[in-house]
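Below, all heavy atoms of this structure are taken into account, side chains as well, without hydrogens, waters or symmetry copies.
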Amino acid sequence: MTNLTLKQLRYFEALARQGHFGRAADVCAISQPALSMQIKELEESLGTELFERGARQVRLTSFGEAFVLRVRDILRSVDELADMARASQDRLVGRLRLGVIPTIAPYLLPAIIGNLTRMHDGLDIHVRETLTSKLVQELAEGRLDAAIVALPVSEPSLTEVTLFSENFVLVRPSEDEGKPVPNPEALREMRLLLLEEGHCFRDQALSFCNLSSALPRELMDGSSLSTLVQMVSAGIGVTLIPEMAVAVETRSASVSIARFRNLEPSRTIGMIWRRTSPLAKQFLEVSEVVRQSADAMRERHNLLSQPHGPGVSTRMPSFDS
């Protein structure tokens with residue numbers, strides 16, 4: 001047990017997470033034989049096997065399942081020691097592992113990264129785009145430093161900082177321009193296109209329409225907002241998208257955009273990070289950059305008076321109560 005190294009523990013954790021020697025080796029930036037040798041040496045030091053090795057994947061043994069929990073605690077504590085050193089500096093430097101949900105990343109991320117790198121020379125930003133549930137898990141495991149998500153997350157171990165709110169708009173086929181905007185009750189009777197299960201934006205849209213995610217009916221799923229908007233353009237149905245996505249997603253789609261007035265659906269965007277992180281002050285600085293980036297983007301969009309693309313209406317009629 002005296003021969004355990006942090007390198008071995010990191011390799012073990014990567015293999016436990018990936019379940020495949022090749023993928024774990026890629027993540028660790030080493031060769032697969034080198035990874036296999038390190039894992040074998042770790043198992044010999046422990047005197048027991050950590051993995052059940054199959055032809056295509058590996059699985060943790062019962063001991064490995066208990067061991068990986070302790071290893072992740074150790075690695076997270078080691079990373080926080082490094083964060084303490086970074087926190088003692090006046091400015092944010094080094095690696096920043098930032099998570100973002102898919103309904104924010106394509107629209108706001110370019111501005112955020114540009115502003116952060118301009119304001120913090122020497123900052124090495126690593127971005128992870130995935131669903132909120134995965135971001136929360138990776139934050140807890142120490143694989144991410146902070147994440148930009150829709151609030152609330154309501155996880156006691158995480159700090160939540162509210163950044164801004166934005167409304168949803170209705171996307172309809174272009175021939176529907178000028179028609180009264182349907183209320184939530186009317187939307188429930190239409191073919192509503194939504195993101196697939198797991199996206200918080202799907203749940204927010206269902207909540208506005210007072211629909212259960214388990215309802216079959218005329219609900220149709222898409223993997224991205226781009227897919228949903230193109231499906232609307234093809235006349236398949238209608239959808240809701242956040243305001244920040246309008247300029248990007250409607251520029252090449254024959255759709256019309258309508259804004260709700262009463263009972264306007266919206267979401268709150270914020271940043272989250274571990275309460276135990278020594279870099280809380282620095283993350284607050286990052287959150288302010290995110291807020292300013294969103295404000296600047298909103299101002300640019302408000303100044304636009306020309307259509308975003310063929311067949312797109314930028315005139316937004318209000319909710320017809």
Side-chain angles (χ1 to χ4, degrees), residues 1-86 93-102 105-106 109 113 116-117 122-149 157 198 223-224 272-274 276-277 279:
M1 295 291 288
T2 58
N3 295 325
L4 301 187
T5 67
L6 281 175
K7 180 184 295 186
Q8 289 175 337
L9 297 184
R10 291 194 186 279
Y11 291 167
F12 161 74
E13 196 281 330
L15 182 55
R17 178 164 26 99
Q18 298 295 330
H20 186 275
F21 275 97
R23 291 194 297 269
D26 290 341
V27 168
C28 297
I30 62 171
S31 68
Q32 184 171 330
L35 177 69
S36 299
M37 182 181 66
Q38 291 290 332
I39 297 299
K40 182 179 179 181
E41 290 180 359
L42 177 60
E43 289 178 325
E44 289 175 352
S45 296
L46 294 170
T48 186
E49 291 187 349
L50 295 167
F51 296 98
E52 297 176 8
R53 291 159 172 81
R56 296 185 178 180
Q57 66 178 12
V58 295
R59 291 185 176 88
L60 288 167
T61 63
S62 57
F63 175 79
E65 291 176 350
F67 188 67
V68 73
L69 298 178
R70 298 298 299 273
V71 166
R72 285 170 177 160
D73 287 340
I74 292 169
L75 294 178
R76 184 166 54 247
S77 297
V78 170
D79 288 340
E80 288 180 355
L81 287 175
D83 289 344
M84 287 177 62
R86 295 171 61 196
V93 295
R95 182 182 62 180
L96 173 63
R97 300 168 299 177
L98 185 64
V100 191
I101 57 176
L109 201 53
I113 293 177
L116 281 174
T117 53
L123 187 61
D124 181 20
I125 305 174
H126 295 241
V127 174
R128 165 76 161 140
E129 178 187 347
T130 189
L131 303 178
T132 300
S133 58
K134 293 182 179 179
L135 293 178
V136 169
Q137 178 183 352
E138 292 177 17
L139 274 172
E141 294 174 354
R143 290 189 275 143
L144 287 176
D145 297 312
I148 303 170
V149 298
S157 64
S223 60
S224 69
I272 57 176
W273 57 82
R274 293 184 302 280
T276 57
S277 175
L279 292 171

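In terms of heavy-atom proximity, L35 sits nearest to A24 at CD2-CB, 3.6 Å. When all heavy atoms of L135 and R128 are compared, the pair lying nearest together is CD2-O, 3.9 Å. When all heavy atoms of F67 and L9 are compared, the pair lying nearest together is CZ-CD2, 4.1 Å. Here the shortest heavy-atom pairing between G64 and F12 reads O-CZ, 3.9 Å. Nearest heavy atoms, H20 versus V58: N-CG2, 4.0 Å. For the residue pair V127 and I125, the shortest heavy atom distance occurs at CG2-CG2, 4.0 Å.
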**Request:** Go through V27 and L15 one step at a time and tell me if the side-chain contact (heavy atoms from CB on, under 4.5 Å) criterion holds.
**Result:** CA-CA 9 Å; V27 168; L15 182 55; over 6 Å; no

**Asked** Yes or no on side-chain contact (heavy atoms from CB on, under 4.5 Å) for L96 and L279, after CA distance, side-chain angles and deciding distance?
**Response** CA-CA 10 Å; L96 173 63; L279 292 171; over 6 Å; no

**Asked** R97 and D145: salt bridge (Lys or Arg N to Asp or Glu O under 4.0 Å), yes or no, with the steps?
**Response** CA-CA 5 Å; R97 300 168 299 177; D145 297 312; 3.0 Å; yes

**Request:** Could you walk me through whether K7 and I30 pass side-chain contact (heavy atoms from CB on, under 4.5 Å), step by step?
**Result:** CA-CA 11 Å; K7 180 184 295 186; I30 62 171; over 6 Å; no

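Taking CD1 of I272 as the reference point, atom OG1 of T132 lies at 7.0 Å (rounded to 0.5 Å). Between atom CD1 of residue I74 and atom CG of residue L69 there is a gap of 11.0 Å, rounded to the nearest 0.5 Å. Between atom CD of residue Q18 and atom CD of residue E13 there is a gap of 9.0 Å, rounded to the nearest 0.5 Å. Atom CD of E141 and atom CG of D73 lie 10.0 Å apart (nearest 0.5 Å). Atom-to-atom distance recorded for F51:CZ and L60:CG is 5.0 Å, nearest 0.5 angstrom. Taking CD1 of I148 as the reference point, atom CD1 of I101 lies at 9.0 Å (rounded to 0.5 Å).
Inter-residue side-chain proximity for E43 and T61 is flagged as unmet; no heavy-atom pair is nearer than 4.5 Å. You'll find the side chain of L6 reaches within 4.5 Å of the side chain of L75, heavy atoms only.
Counting only distance, with no hydrogens or angles, the side chain of S45 and the backbone of L4 share no donor-acceptor pair below 3.5 Å. R72 places no side-chain N or O within donor-acceptor distance of the main-chain N or O of G142, the cut-off being under 3.5 Å. A donor-acceptor distance shorter than 3.5 angstrom exists from the side chain of R274 to the backbone of L144, with no hydrogens or angles considered. In this structure, the side chain of R23 does not engage the main chain of R17 through any donor-acceptor pair within 3.5 Å. Using modelled atom types, no side-chain atom of E138 and backbone atom of R143 make a donor-acceptor pair closer than 3.5 Å.
Heavy-atom neighbours of E49 CD from other residues, nucleotides or ligands within 6.0 Å: at or below the threshold of 12. Heavy-atom neighbours of R53 CZ from other residues, nucleotides or ligands within 6.0 Å: above the threshold of 12.
Salt-bridge formation is not detected for the pair R76/D79: no Lys NZ or Arg NE/NH1/NH2 atom is positioned less than 4.0 Å from an Asp or Glu carboxylate oxygen.
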